[in-house]
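These notes are about the structure you will find just below.
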Amino acid sequence: MPELPEVQTTVKGLQILLNEKITNIKIYSTKLRYEIPKNIQKILKNSKIIKIYRIGKYIVVNSQNHYSLIFHLGMSGRLRILKQSTFVNKKHDHFILKTKKNILIFNDSRRFGFIDLFRTKKIFKKHYISRLGLDALDRKLNKQYFRDKIYKSIVPIKQILLNQEIVAGIGNIYANEILYDAKISPFTKGCSLTILEIKKIIKSIKKILRIAINSGGSTLKDYASVDGAVGNFQNNFKVYNRDGQKILGHNIKRIVQYGRSTFYCPGIQLISKKRK
DNA sequence: CACTCTCCCTGAAAGC
DNA sequence: TGCTTTCAGGGAGAGT
């Protein structure tokens, strides 16, 4: 599920927990992608939540006693917030965090997500954070940065957009939508992109992600914000999940790249002319 | 080193 | 209807 717009929408909903004191934490299952640290309860109990933000697709919750709680939602992970009295444990609820007023629940059927905890000042020592490239919405993400990362690469641009070490936050849905918007073929190798095409891609990254955030993200199966509100951007998909349909008179195709579906419109997304 | 592929897991939908 | 197969929004790690 969750790519940058869904994570961003989740983070926005989580702000309700700001300045609340953590009264209790319960772990119902430890076997996510990584084991949930067992000392979470001991360390965070009675500490206040002072900051909640996002790095790429990672959600970071800072506590007043200088710890950072990390959530990664994987494919099926979801955070929801309930009032104390309405909480009922559902299947695949792995973790809950209580404050006086609210309960935060981490639910993940496929368990590709994970939860981690470490000292706040050590956040950039975590391999999965330190390796990340610039965030897709970072103002520093410009054509020069992007070109430097990809000008030698023979990997197709579709796969480059999914590489979190180059740009953090884009997943399979938005990679498809971004390339359609930029009118770039998903097969174009990094080294074959002209500077003008790179400029177009960056413009489309910001544009598509912004619109998706304003729509509350995309809801395909089960994604919803912390209060249960579903997203609407799926209604704006131009190519994703639309193989066999037409757009502006051209067919939309589905192919597989690196084991992931690519949806694109060959009549509109043309191969770069640049030779190398 | 750069690149490609498989695997982790569950559940929904499609196929038979 | 019911059983089997395929596929899914992410990422790590092994293999080439």
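Letters go in sequence order (proteins before strands), and every chain restarts at 1. Heavy-atom basis, side chains included; hydrogens, waters and symmetry copies ignored. Given the structure is predicted, the values throughout are model-derived calculations rather than measurements.
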(request) Kindly say whether the aromatic ring centers of A:Y128 and A:Y58 come within a distance under 6.0 Å. (result)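 Yes, the ring centres sit under 6.0 Å apart.
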(message) Can you confirm if the aromatic rings of A:F95 and A:F114 lie within a centre distance of less than 6.0 Å?
(response)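 They do not qualify: ring centres at least 6.0 Å apart.
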(request) Considering only atom P, compute the distance from B:dC9 to C:dA14 and round it to an integer number of Å. (result)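 Those two atoms are separated by 16 Å.
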(message) Of the listed nucleotides (C:dA8, C:dG11, B:dT10), which one gets closest to any side-chain atom of A:Y58?
(response)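 Taking heavy atoms from C-beta onward, the closest nucleotide is C:dG11.
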[N] [atom2] sits how many Å from [X] [atom1], rounded?
| X | N | atom1 | atom2 | result |
| --- | --- | --- | --- | --- |
| A:E3 | C:dA8 | CD | P | 13 Å |
| A:L161 | C:dG11 | CG | C1' | 16 Å |
| A:R78 | B:dC9 | CZ | P | 23 Å |

Need one value for [X]: base, sugar-phosphate or nothing, where a base atom within 4.0 Å counts as base even if backbone is also close, heavy atoms only.
| X | value |
| --- | --- |
| A:F233 | nothing |
| A:K57 | sugar-phosphate |
| A:K189 | nothing |
| A:L162 | nothing |
| A:Q164 | sugar-phosphate |

(request) Determine which nucleotide pairs with C:dG13, using a 3.5 Å limit on both distances of a Watson-Crick or G-U wobble pair. (result)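 The base-pairing partner of C:dG13, which may sit in any strand shown, is B:dC5.
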(request) Report yes or no: is the ring centroid of A:F112 under 5.5 Å from the six-membered base ring centroid of B:dC9, with the two planes under 30 degrees? (result)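 It does not: the ring fails the test against the base of B:dC9.
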(request) Decide if atom NE2 of A:H66 counts as having more than 12 heavy atoms of other residues, nucleotides or ligands within a radius under 6.0 Å. (result)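 Counting neighbours around NE2 of A:H66, 12 or fewer heavy atoms of other residues, nucleotides or ligands fall under 6.0 Å, so no.
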(message) Can a donor-acceptor pair be found, under 3.5 Å and without considering hydrogens, that links the side chain of A:N24 to the backbone of A:K98?
(response)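 The answer is no, because no donor-acceptor pair under 3.5 Å joins these two groups.
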(message) Which is more 5' along DNA chain B, the nucleotide nearest A:G259 or the one nearest A:S153? Just name the residue.
(response)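 Its nearest nucleotide lies further toward 5', so the answer is A:S153.
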